[in-house]
Amino acid sequence: MSKNAFYAQSGGVTAVINATACGVLETARNHADRIAKVYAGRNGILGALHEDLIDTSQESAATIAALRHTPGAAFGSARYKLRGLEENRAEYERLIEIFKAHDIGYFFYNGGGDSMDTAHKVSQLSKSLDFPITCVGIPKTVDNDLPVTDVCPGFGSVAKYIAISTREAALDVRSMSRSSTKVFVLEVMGRHAGWIAAASGLAGTTPAEPPHVILFPESPFDERAFLTRVKHSVERYDYCVIVVSEGAKDQDGRFLAESAARDAFGHAQLGGVAPIIASIIHEHLGYKYHYAIADYLQRSARHIASRVDVDQAYAVGQHAVELAIRGENAVMPTIVRESDEPFQWSLGHVALSRVANREKKMPRSFISRDGFAITPTCRRYLRPLILGEDYPPYRDGLPDYVTLKNAAVPRRLKTDFVLT
Ligand code: F6P
């Protein structure tokens with residue numbers, strides 16, 4: 001008997017989250033005997049709570065295929081965390097009401113650690129409220145901090161963008177260092193884990209090659225050691241390229257760039273550590289500097305996505321549907337590394353309870369003893385993830401990205417839901 005499916009994108013988006021959506025939708029269409037229609041949540045889980053569902057069956061096969069090369073979140077994403085069942089039962093009852101009203105039997109939730117927690121709670125709800133729904137979390141986060149899976153789709157592409165940008169900007173700084181800028185600071189994302197900052201290390205292979213300094217959230221900031229390192233680089237090479245993670249912390253574990261703003265998950269809004277680092281250098285060493293905050297440029301850069309990442313993003317979407325059809329409930333597809341060279345990988349899965357709300361930081365063995373560089377072990381892990389290109393088609397000199405119709409599913413319930 002066939003049932004409808006609900007699919008939602010959640011949290012910060014990536015260059016390849018729509019490739020996962022493409023994997024989900026194409027695979028579901030191939031199993032029309034089990035999955036009648038896929039309804040997407042407009043703006044993530046909020047779409048379910050507000051009964052604002054998108055009928056993906058209205059999109060042509062060509063449009064769905066074009067999702068594979070289109071960045072952003074095609075259906076809209078949200079940072080909204082469902083609280084515990086005891087704390088806010090009304091939200092869960094509302095979800096059940098929506099699922100019942102639209103004959104939904106499958107729940108696919110595409111996000112990071114917080115989203116896997118939401119997916120896990122929905123699967124628990126299914127048991128405690130006695131409403132059968134097959135629930136599969138699908139991994140996605142540029143932060144690469146979900147445990148168990150070898151890598152999180154989205155990371156390989158941001159890693160490639162940052163490694164390329166570091167290499168290119170470094171050539172620029174080097175060109176004028178004799179008479180002008182000596183220091184370039186690039187700020188990258190990664191709230192608690194330094195995976196993206198580490199990826200910049202792929203730009204060079206010797207100490208002379210940039211980046212000369214990487215600042216990880218995992219290594220508390222030691223101002224004196226840092227300034228010594230910068231001075232040494234400028235004296236030796238005439239310039240210094242620094243890559244700093246937005247999550248870099250001081251010796252007491254406080255973010256160097258914490259602001260008072262919080263998101264819906266209670267996380268501090270970060271961003272702005274690059275100017276702090278640049279001014280420390282200027283104050284103590286007097287060097288002329290430039291800095292850049294890669295911000296959304298890094299996680300939207302589909303034009304230079306990693307082919308491995310695009311393939312893996314599609315594959316986890318496809319596998320999620322296959323797992324659900326097999327009756328696997330409360331699980332997340334994982335990427336399993338079979339070998340580094342040649343790079344080979346396969347797909348597995350893990351219980352959501354093992355990944356929800358857990359963060360995978362960089363292992364100590366991936367960071368050099370002085371805390372400012374990556375180790376050969378880390379390089380071996382990162383290298384295959386940025387391999388290959390998967391250029392989108394271009395029109396009039398620009399990538400030709402797709403926009404969906406996103407037609408609304410007619411509402412069946414009389415009342416809207418008020419978020420508390
Ligand atoms: O999703 C992860 C992430 O990209 C983090 O690296 C970053 O700190 C955060 O999202 C930014 O979130 P938002 O776009 O909601 O401000």
Side-chain angles (χ1 to χ4, degrees), residues 8-21 43-46 71-81 109-119 137-147 149 151-162 165 186-200 214-218 243-249 254-274 276 292-302 305-306 309 313 316 332 355-362 385:
Q9 303 178 310
S10 174
V13 302
T14 77
V16 300
I17 187 171
N18 288 331
T20 299
N43 303 320
I45 197 77
L46 295 176
F75 308 110
S77 184
R79 283 202 192 281
Y80 185 79
K81 187 165 172 144
Y109 206 40
N110 199 179
D114 290 319
S115 311
M116 291 309 116
D117 178 55
T118 301
I138 315 178
K140 170 258 27 166
T141 168
V142 292
D143 290 349
N144 197 35
D145 56 1
L146 279 166
T149 184
V151 62
C152 303
F155 173 68
S157 294
V158 81
K160 188 175 181 92
Y161 176 84
I162 291 300
S165 301
L186 175 61
E187 173 177 332
V188 302
M189 284 181 164
R191 194 184 291 275
H192 297 301
W195 295 104
I196 303 177
S200 70
I214 305 176
L215 297 175
F216 302 97
E218 288 87 351
V243 175
V244 56
S245 170
E246 64 174 357
K249 296 189 182 77
R254 279 189 305 255
F255 289 119
L256 296 179
E258 180 155 342
S259 74
R262 298 260 178 256
D263 70 15
F265 292 117
H267 303 138
Q269 167 99 40
L270 299 182
V273 71
I276 294 172
I293 303 179
D295 205 66
Y296 283 4
L297 299 180
Q298 67 200 294
R299 67 180 204 200
S300 60
R302 179 61 185 81
S306 146
D309 191 31
V316 293
M332 180 190 90
V355 287
N357 279 334
R358 302 225 179 128
E359 270 175 341
K360 179 177 72 182
K361 302 208 174 156
M362 295 254 297
L385 305 177

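As a basis for the values below, the full set of heavy atoms in this structure was taken, side chains included, without hydrogen atoms, waters or symmetry mates. Order of listing sets the numbers, starting from 1, for every ligand and every atom in it.
The atoms of ligand 1 that sit less than 4.0 Å from any heavy atom of Arg191 are 8 (O), 9 (C). Per-residue contacts place Gly12 under 4.0 angstrom from the following atoms of ligand 1 (heavy atoms of the residue considered): 1 (O). With ligand atoms numbered from 1 in the order given, ligand 1 contributes 3 (C), 4 (O), 9 (C), 10 (O), 11 (C), 12 (O), 14 (O) to contacts under 4.0 Å with heavy atoms of Arg299. Using a 4.0 Å cut-off to heavy atoms of Glu246, the atoms of ligand 1 that qualify are 5 (C), 6 (O), 7 (C), 8 (O).
Remark: Lys81 engages Asp117 in a salt bridge, criterion side-chain N to carboxylate O under 4.0 Å.
Contact record, Asn144 with Lys360: O-CE, 3.7 Å, taken as the closest heavy-atom pair. In terms of heavy-atom proximity, Trp195 sits nearest to Lys361 at CZ2-O, 3.5 Å.
Checked by distance only, ligand 1 and Asp143 come closer than 3.5 Å through their nitrogen or oxygen atoms. Residue-to-ligand polar distances place Tyr296 within reach of ligand 1: an N/O pair is separated by less than 3.5 Å.
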(request) Check step by step if side-chain contact (heavy atoms from CB on, under 4.5 Å) holds for Leu385 and Asp309. (result) CA-CA 7 Å; Leu385 305 177; Asp309 191 31; over 6 Å; no
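Proximity of Val142 to ligand 1, defined as any heavy-atom pair under 4.0 Å, is confined to the side chain (atoms from C-beta onward).
Put simply, part of Gly190 is less than 4.0 Å from ligand 1, judged by heavy atoms.
With hydrogens and angles disregarded, no donor-acceptor distance shorter than 3.5 Å links the side chain of Ser300 to the backbone of Ala15. Using modelled atom types, one side-chain atom of Lys140 and one backbone atom of Ser10 make a donor-acceptor pair closer than 3.5 Å.
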